[in-house]
Amino acid sequence: MELLYIDFEEVNEMFINLSNHNSALWSDAQKKAASEYGEIKNIAFPDIPAQFTEKETIELADRYCETIIALKPDYVMCQGEFTFVYHIVSRLKKYGIKTAAACSERNVSEFIDKDGLSVKKSIFIFVKFREYV
C-alpha cells in the first residue's frame, strides 16, 4: 500500500483533513471552522485491512506521519480506523502539531421502505472540532 504523492503549494497556515470525508462535501459551518486554522488540504484516509498486523498498521501510520510532518501543518483533523488514528495522533503531538476530531450531532430516523426493508438514516450536523489532548 503506497502513500500517494501529495503536491501542495506552500501556504502560510494549513489545516489537514485526514479522513474518508473530503472537505468538498463538508457543511459550510465545518469548512468555516476549519479555515480558521488554515487553508484546508485533504489527504485521503488509507484503507486499512482488518488482516493488518499491529506492525503493518504502525508502519503505514509512520509513512503518513512523515508526509504530514514535512508539510508543517498547523492543525490536523484525523478520523478513521482507531489504531491507525491513535498512532498518527500520538506521533504528531510529539512534534507539536495540533490534532482534532470533528464533533457532530447525529439525527437518526428509522423506517420501513416500500419493499418492507428496515432503513436507518443518519444525518450528521457539525458542531465543532475537539482537540486530542
Side-chain angles (χ1 to χ4, degrees):
M1 190 176 299
E2 274 307 301
L3 175 62
L4 297 176
Y5 174 72
I6 300 167
D7 185 21
F8 292 160
E9 68 265 6
E10 199 165 309
V11 296
N12 289 337
E13 295 176 325
M14 184 186 306
F15 178 102
I16 291 179
N17 166 32
L18 177 58
S19 75
N20 286 313
H21 307 283
N22 190 292
S23 65
L25 300 175
W26 287 358
S27 68
D28 289 342
Q30 187 167 359
K31 288 178 190 174
K32 182 176 186 244
S35 66
E36 291 178 17
Y37 298 100
E39 187 175 332
I40 303 167
K41 300 291 183 178
N42 294 290
I43 297 178
F45 200 90
D47 178 35
I48 302 176
Q51 296 78 16
F52 258 28
T53 64
E54 287 83 355
K55 181 180 180 199
E56 289 171 310
T57 304
I58 289 169
E59 287 171 352
L60 181 61
D62 283 343
R63 289 201 312 269
Y64 270 71
C65 282
E66 288 169 13
T67 299
I68 292 167
I69 291 164
L71 293 169
K72 300 177 182 168
D74 299 279
Y75 218 85
V76 176
M77 185 194 84
C78 185
Q79 290 183 231
E81 195 277 337
F82 297 117
T83 59
F84 181 85
V85 168
Y86 176 82
H87 190 70
I88 293 276
V89 169
S90 297
R91 184 154 178 214
L92 294 181
K93 290 188 76 51
K94 288 180 185 174
Y95 281 84
I97 298 171
K98 292 182 178 182
T99 56
C103 299
S104 301
E105 294 290 333
R106 183 173 77 163
N107 296 332
V108 180
S109 62
E110 292 183 76
F111 56 93
I112 304 297
D113 72 6
K114 66 180 183 271
D115 297 322
L117 299 173
S118 177
V119 177
K120 187 177 206 177
K121 180 180 175 183
S122 297
I123 298 174
F124 295 90
I125 302 167
F126 174 79
V127 175
K128 66 177 185 172
F129 292 107
R130 181 178 299 133
E131 191 169 340
Y132 291 103
V133 292

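Since we're looking at a predicted model, the values are computed, not measured. FYI, the numbering just counts along the sequence from 1.
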Quick check: closest heavy atoms across Ala44 and Leu18, and the distance to 0.1 Å?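 Closest heavy-atom pair between Ala44 and Leu18: O-CD1, 4.0 Å.
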
Restricting to non-hydrogen atoms, name the atom on Glu105 and the atom on Val127 that form the minimum distance, rounded to 0.1 Å.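 What the structure gives for the nearest pair is CG-CG2, 3.6 Å.
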
Can you spot which of [options] makes a side chain to side chain contact (heavy atoms under 4.5 Å, CB included) with [X]?
X: Phe15; options: Met77, Lys41, Glu39; result: Met77
X: Pro73; options: Thr99, Ile43, Ile97; result: Ile97
X: Glu81; options: Ile48, Leu60, Asn20; result: Ile48

For [Y], does its backbone N or O pair with a side-chain atom of [X] as donor and acceptor, under 3.5 Å?
X: Glu56; Y: Thr53; result: yes
X: Asn22; Y: Ala24; result: yes
X: Ser35; Y: Gly38; result: no
X: Asp28; Y: Lys32; result: no
X: Gln79; Y: Ala102; result: yes
X: Trp26; Y: His21; result: yes

Rounded to the nearest 0.5 Å, how far does [atom2] of [Y] lie from [atom1] of [X]?
X: Leu117; Y: Ile112; atom1: CG; atom2: CD1; result: 8.0 Å
X: Cys78; Y: His87; atom1: SG; atom2: NE2; result: 11.0 Å
X: Tyr75; Y: Ile40; atom1: OH; atom2: CD1; result: 13.0 Å
X: Lys128; Y: Cys103; atom1: NZ; atom2: SG; result: 5.5 Å
X: Tyr95; Y: Ile68; atom1: OH; atom2: CD1; result: 12.5 Å
X: Ile16; Y: Lys72; atom1: CD1; atom2: NZ; result: 12.5 Å

Is there a side-chain contact between [X] and [Y] in this structure, where contact means two heavy atoms from C-beta onward sitting under 4.5 Å apart?
X: Val108; Y: Lys120; answer: yes
X: Arg91; Y: Asp62; answer: yes
X: Tyr64; Y: Ile88; answer: yes
X: Val76; Y: Lys98; answer: no

Short N-O contact, Lys55 and Glu59, less than 4.0 angstrom: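 Salt bridge between Lys55 and Glu59, a charged N being under 4.0 Å from a carboxylate O: yes.
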
Apply ring-ring contact (aromatic ring centres under 6.0 Å, His included) to Tyr86 and Tyr132, showing your working. CA-CA 10 Å; Tyr86 176 82; Tyr132 291 103; 9.5 Å; no

Between Asn42 and Ser23, does any side-chain donor sit less than 3.5 Å from a side-chain acceptor?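 There is such a pair (donor and acceptor under 3.5 Å, judged by atom type) between the side chains of Asn42 and Ser23.
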
Excluding sequence neighbours, so at least two apart, what forms ring-ring contact (aromatic ring centres under 6.0 Å, His included) with Phe45?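 Once residues adjacent in sequence are excluded, the partners of Phe45 under the ring-ring contact (aromatic ring centres under 6.0 Å, His included) criterion are Phe84.
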
